[in-house]
Undergrad: 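Below is a structure I'd like to ask you about.
Note that the structure is predicted; figures quoted are calculated from it, not measured. Indexing begins at 1, ligand by ligand and atom by atom, following the structure's order. Below, each value reflects all heavy atoms present in this structure, side chains not excepted, and no hydrogens, waters or symmetry copies.
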Amino acid sequence: MKYDVVVVGAGPAGAVASEYAARFGARTLLIEEHASIGSPVQCTGLISTAALRVCGLVKGSFALAKIKGAFVYAPDGEELCVRGKDIKAYVIDRKIFDRALVGRSLDEGVDILLRTRFTGFSKNKISVISGGERKEIEASVIIGADGVQSSVGRAAGIARCKKILSGIQFEAPYAAKDPEFVEIFTGKDIAPGFFGWAVPFGGMARIGLAKNPDDFPARDYLGKLLEHPVVASRYRGSRTEHVLGGIPLGSPDKTVKDNVMLVGDAAGQVKPTSGGGVYMGAICARIAGEVAAKASRKEAGLEEYEKRWRSAVGKELATGMRIHKSLGKLSDHNLNEFMAFLNRPEIRQIITEYGDMDHPSILLQKLISSGNTKRLIKLLGIAFKTLF
Ligand SMILES: Cc1cc2nc3c(=O)[nH]c(=O)nc-3n(C[C@H](O)[C@H](O)[C@H](O)COP(=O)(O)OP(=O)(O)OC[C@H]3O[C@@H](n4cnc5c(N)ncnc54)[C@H](O)[C@@H]3O)c2cc1C
């Protein structure tokens with residue numbers, strides 16, 4: 001078998017990258033180690049309307065619920081209501097969503113091999129185990145879209161992401177206060193370094209948390225989340241659809257090497273403020289597919305991908321990482337003070353107007369330009385100063 005571009009991993013990033021490689025004229029193969037697309041699911045499935053647009057999908061049967069805002073709970077229990085002006089996001093069924101994305105890439109002429117695992121490569125030959133048999137596939141360009149543990153990245157000798165949060169989640173019946181609002185829970189007892197969540201859809205919720213990698217396992221914190229008075233009053237018992245997964249933050253310094261490029265979680269293209277990876281991954285995957293196709297015809301070098309994706313989202317990811325680090329340093333006491341500040345009517349107004357789950361830097365800039373720099377530095381500490 002011989003292809004211009006082989007994409008490893010049929011998650012959202014791989015599907016979009018292969019679609020764009022084919023669209024830009026490359027003979028493209030997509031390989032996936034599992035027997036079906038979109039399974040197992042490792043996602044809460046909260047996808048912004050902008051992410052849907054970038055993925056080239058309109059709201060379809062994968063959309064389970066619409067989301068207009070969030071209730072954010074400080075460690076002391078104070079509730080901050082962040083209300084958007086219109087629909088901000090959808091809760092989706094990732095299996096159906098991923099299949100819709102792969103469907104688009106097949107429509108573009110991409111070949112697909114399921115039950116086919118990448119095991120290594122040398123120069124232009126990829127080794128796979130496909131349906132139990134060892135095979136080799138020739139490829140001019142290899143795109144590693146194989147997720148947080150990227151074996152393509154490892155085989156190419158590309159460094160790993162800077163940090164991997166541990167996430168855990170399950171689904172359960174849940175009597176949400178408002179089914180159009182997600183709930184976010186903060187505090188060191190619940191999710192050190194990140195947050196817990198309940199994302200409602202159809203009388204159920206995806207309840208989970210992500211946390212710093214360097215303390216107890218994520219499952220040890222679930223009990224505390226379920227004991228939170230808000231969750232305890234809404235959670236109706238029983239659990240299904242358990243998920244355990246890593247969330248990579250902070251891209252390696254290089255995401256291309258020789259004829260290999262990484263995209264999506266494999267490249268750490270994940271928002272450090274929310275852990276969402278579909279939106280940024282899809283933006284970068286479009287660029288990856290286009291550049292890979294051109295590179296296979298020697299019309300571009302893979303460095304063009306590195307330059308273009310960093311210019312598209314690099315600044316937003318870097319700002320997100322600094323916000324993530326600053327918030328992670330706060331004690332629960334400081335977090336309570338910070339949330340009380342955000343809860344002031346004039347600040348809530350700014351959040352309503354400019355809050356954007358994909359681009360927190362916009363809100364940050366507005367908070368700064370509204371004359372709150374000193375207050376923010378006082379609340380968030382000196383580490384935050386580097387943001388201004
Ligand atoms: C608990 C949790 C909740 C999350 N919630 C959200 C959310 O609400 N919104 C959001 O946007 N993001 C969320 N994310 C992140 C999101 O799931 C990822 O960013 C996204 O799936 C990344 O897409 P990807 O295509 O890069 O990788 P993946 O979706 O991980 O796809 C990689 C694919 O590669 C395949 N693969 C791996 N190795 C090989 C191999 N050797 N050979 C062949 N195939 C291989 C895998 O089987 C998989 O299909 C969450 C993550 C976790 C852990």
Undergrad: Step through it carefully: locate the ring centre of Y235, locate the ring centre of H228, and say whether they are under 6.0 Å apart.
TA: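 Y235 vs H228: aromatic centres not under 6.0 Å.
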Undergrad: How far apart are the C-alpha atoms of R310 and E306, what are their side-chain angles, what is the distance that settles it, and do they pass the salt bridge (Lys or Arg N to Asp or Glu O under 4.0 Å) test?
TA: CA-CA 6 Å; R310 289 194 194 274; E306 186 91 55; 2.7 Å; yes
Undergrad: Strictly below 4.0 Å, N to O, side chains only: are R115 and E32 in salt-bridge contact?
TA: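 Between E32 and R115 there is no salt bridge, as every charged N stays at least 4.0 Å from the carboxylate O atoms.
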Undergrad: What do you reckon, does G208 put a non-hydrogen atom under 4.0 Å from ligand 1?
TA: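 Distance cut 4.0 Å: G208 fails for ligand 1.
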Undergrad: Apply salt bridge (Lys or Arg N to Asp or Glu O under 4.0 Å) to the pair K271 and D358, showing each step before the final yes or no.
TA: CA-CA 7 Å; K271 291 172 284 176; D358 294 321; 2.7 Å; yes
Undergrad: Within a distance under 4.0 Å of any heavy atom of T44, pick out the atoms of ligand 1 and give their elements.
TA: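 Reading through ligand 1 atom by atom, the close ones are 3 (C), 4 (C), 5 (N), 6 (C), 8 (O).
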Undergrad: Between D146 and R154, does a salt bridge (Lys or Arg N to Asp or Glu O under 4.0 Å) hold up when you go through it step by step?
TA: CA-CA 11 Å; D146 51 343; R154 219 175 312 131; over 6 Å; no
Undergrad: So which heavy atom in the protein is nearest atom 6 (C) of ligand 1, and how far is it from that ligand atom?
TA: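 In this structure, atom 6 (C) of ligand 1 has C43 SG, 3.3 Å as its nearest protein heavy atom.
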Undergrad: Heavy-atom contact under 4.0 Å between T116 and ligand 1?
TA: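 Contact present.
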Undergrad: Counting both backbone and side chain atoms, is some N or O of F118 under 3.5 Å from an N or O of ligand 1?
TA: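 It does: an N or O of F118 is found under 3.5 Å from an N or O of ligand 1.
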Undergrad: I'd like to check which ligand 1 atoms, numbered from 1 as shown, lie under 4.0 Å from a non-hydrogen atom of G264.
TA: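 Near G264, meaning under 4.0 Å from one of its heavy atoms, ligand 1 has 26 (O).
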Undergrad: Compute the shortest N/O to N/O distance between V243 and ligand 1 and return yes if it is under 3.5 Å, no if not.
TA: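 It does not: no N or O of V243 is found under 3.5 Å from an N or O of ligand 1.
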Undergrad: Between V278 and ligand 1, is there a nitrogen or oxygen pair with a distance under 3.5 Å?
TA: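 Checking ligand 1 against V278, an N or O pair does fall under 3.5 Å apart.
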Undergrad: Look at atom 8 (O) of ligand 1 and say which protein heavy atom is nearest, naming residue and atom and giving the distance to 0.1 Å.
TA: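 Here the closest protein heavy atom is L46 N, 2.9 Å.
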Undergrad: Around atom 34 (O) of ligand 1, find the nearest protein heavy atom and jot down its residue, atom name and distance.
TA: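 For this ligand atom, the closest protein heavy atom is G9 CA, 3.1 Å.
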Undergrad: Can K177 be said to sit on top of F71's aromatic six-ring, NZ or CZ under 6.0 Å from centre and within 45° of the ring axis?
TA: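 Cation-pi check for K177 and F71: passes.
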Undergrad: Quick test: of every protein heavy atom, which one is nearest to atom 27 (O) of ligand 1, and how far off is it to 0.1 Å?
TA: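 Protein heavy atom with the smallest distance to atom 27 (O) of ligand 1: G147 CA, 3.8 Å.
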Undergrad: Any carboxylate oxygen within less than 4.0 angstrom of a Lys/Arg side-chain nitrogen, looking at E303 and K307?
TA: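 No, this pair does not count.
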Undergrad: Should the proximity of V152 to ligand 1, defined as any heavy atom under 4.0 Å, be assigned to the side chain, the backbone, both, or neither?
TA: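 Answer for V152: neither.
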Undergrad: Hey, are N212 and K163 close enough side-chain-wise for a donor-acceptor pair under 3.5 Å?
TA: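 The answer is yes; a qualifying pair exists.
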Undergrad: R94 near ligand 1, heavy-atom distance under 4.0 Å?
TA: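 Heavy atoms of R94 do come under 4.0 Å of ligand 1.
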Undergrad: Starting from atom 14 (N) of ligand 1, which protein heavy atom do you reach first, and at what distance in Å?
TA: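 Ranking protein heavy atoms by distance from atom 14 (N) of ligand 1, first comes G275 O, 3.6 Å.
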Undergrad: Flag the pair E299 and K294 as a salt bridge only when some basic side-chain nitrogen lies within less than 4.0 angstrom of an acidic carboxylate oxygen.
TA: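 No salt bridge links E299 with K294.
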Undergrad: Report, in ascending order of atom number, the atoms of ligand 1 lying under 4.0 Å from any heavy atom of G245.
TA: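 Contacts of ligand 1 toward G245, numbered from 1: 53 (C).
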Undergrad: Which one of M357, R154, E33, R117 has a non-hydrogen atom at the shortest distance from atom 45 (C) of ligand 1?
TA: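 Considering heavy atoms of M357, R154, E33, R117, the nearest to atom 45 (C) of ligand 1 sits in E33.
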Undergrad: As an exercise, identify every atom of ligand 1 less than 4.0 angstrom from a heavy atom of A13.
TA: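 Under 4.0 Å from A13, ligand 1 has these atoms: 24 (P), 25 (O), 26 (O).
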Undergrad: Are the side chain of N336 and the backbone N or O of D76 linked by a donor-acceptor pair below 3.5 Å?
TA: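 Looks like yes, one N/O pair under 3.5 Å.
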Undergrad: Note the single closest protein heavy atom to atom 23 (O) of ligand 1, along with its residue, its atom name and the distance in Å.
TA: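 Protein heavy atom at minimum distance: P12 CD, 3.6 Å.
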Undergrad: Can we call the ring centroids of F201 and Y90 under 6.0 Å apart?
TA: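 No, the ring of F201 stays outside the 6.0 Å limit from the ring of Y90, centre to centre.
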Undergrad: Find all atoms of ligand 1 within a distance of less than 4.0 Å from any non-hydrogen atom belonging to A145, and give their numbers and elements.
TA: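 Heavy-atom distances to A145 below 4.0 Å select 32 (C), 33 (C), 34 (O).
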Undergrad: Atom 51 (C) of ligand 1: which protein heavy atom is closest, and how many Å away?
TA: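 Ranking protein heavy atoms by distance from atom 51 (C) of ligand 1, first comes Q42 O, 3.3 Å.
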Undergrad: Atoms of ligand 1 less than 4.0 Å from S151 heavy atoms?
TA: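 Numbered from 1, ligand 1 contributes 41 (N).
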Undergrad: Using a strict cut-off of 4.0 Å, indicate which atoms of ligand 1 neighbour a heavy atom of D265.
TA: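 In order of numbering, the contacting atoms are 18 (C), 19 (O), 20 (C), 22 (C), 26 (O).
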Undergrad: Is the terminal nitrogen or CZ of K366 (NZ for Lys, CZ for Arg) located under 6.0 angstrom from the six-membered ring centre of Y354 and within 45° of that ring's axis?
TA: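 Yes, K366 sits over the ring of Y354.
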Undergrad: Which option, G14, G281, G276, owns the non-hydrogen atom nearest atom 10 (C) of ligand 1?
TA: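 Checking each option, the heavy atom nearest atom 10 (C) of ligand 1 is found in G276.
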Undergrad: What protein heavy atom sits nearest atom 47 (O) of ligand 1, and how far off is it?
TA: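 Here the nearest protein heavy atom works out to E32 OE2, 2.7 Å.
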Undergrad: Could you list the atoms of ligand 1 found under 4.0 angstrom from a heavy atom of G277?
TA: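 Reading through ligand 1 atom by atom, the close ones are 10 (C), 11 (O), 12 (N), 15 (C), 19 (O).
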Undergrad: Within 45° of the ring axis of Y20 and under 6.0 Å from its six-membered ring centre, is that where the NZ or CZ of R23 lies?
TA: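 Yes; both conditions hold, so R23 lies above the ring face of Y20.
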Undergrad: I would like to know whether S140 and Y3 meet side-chain contact (heavy atoms from CB on, under 4.5 Å); could you show each step before the answer?
TA: CA-CA 7 Å; S140 304; Y3 285 89; over 6 Å; no
Undergrad: Which of these, E79, E78, E183, sits in a side chain to side chain donor-acceptor pair (under 3.5 Å) with Y73?
TA: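 So the option named by the test is E79.
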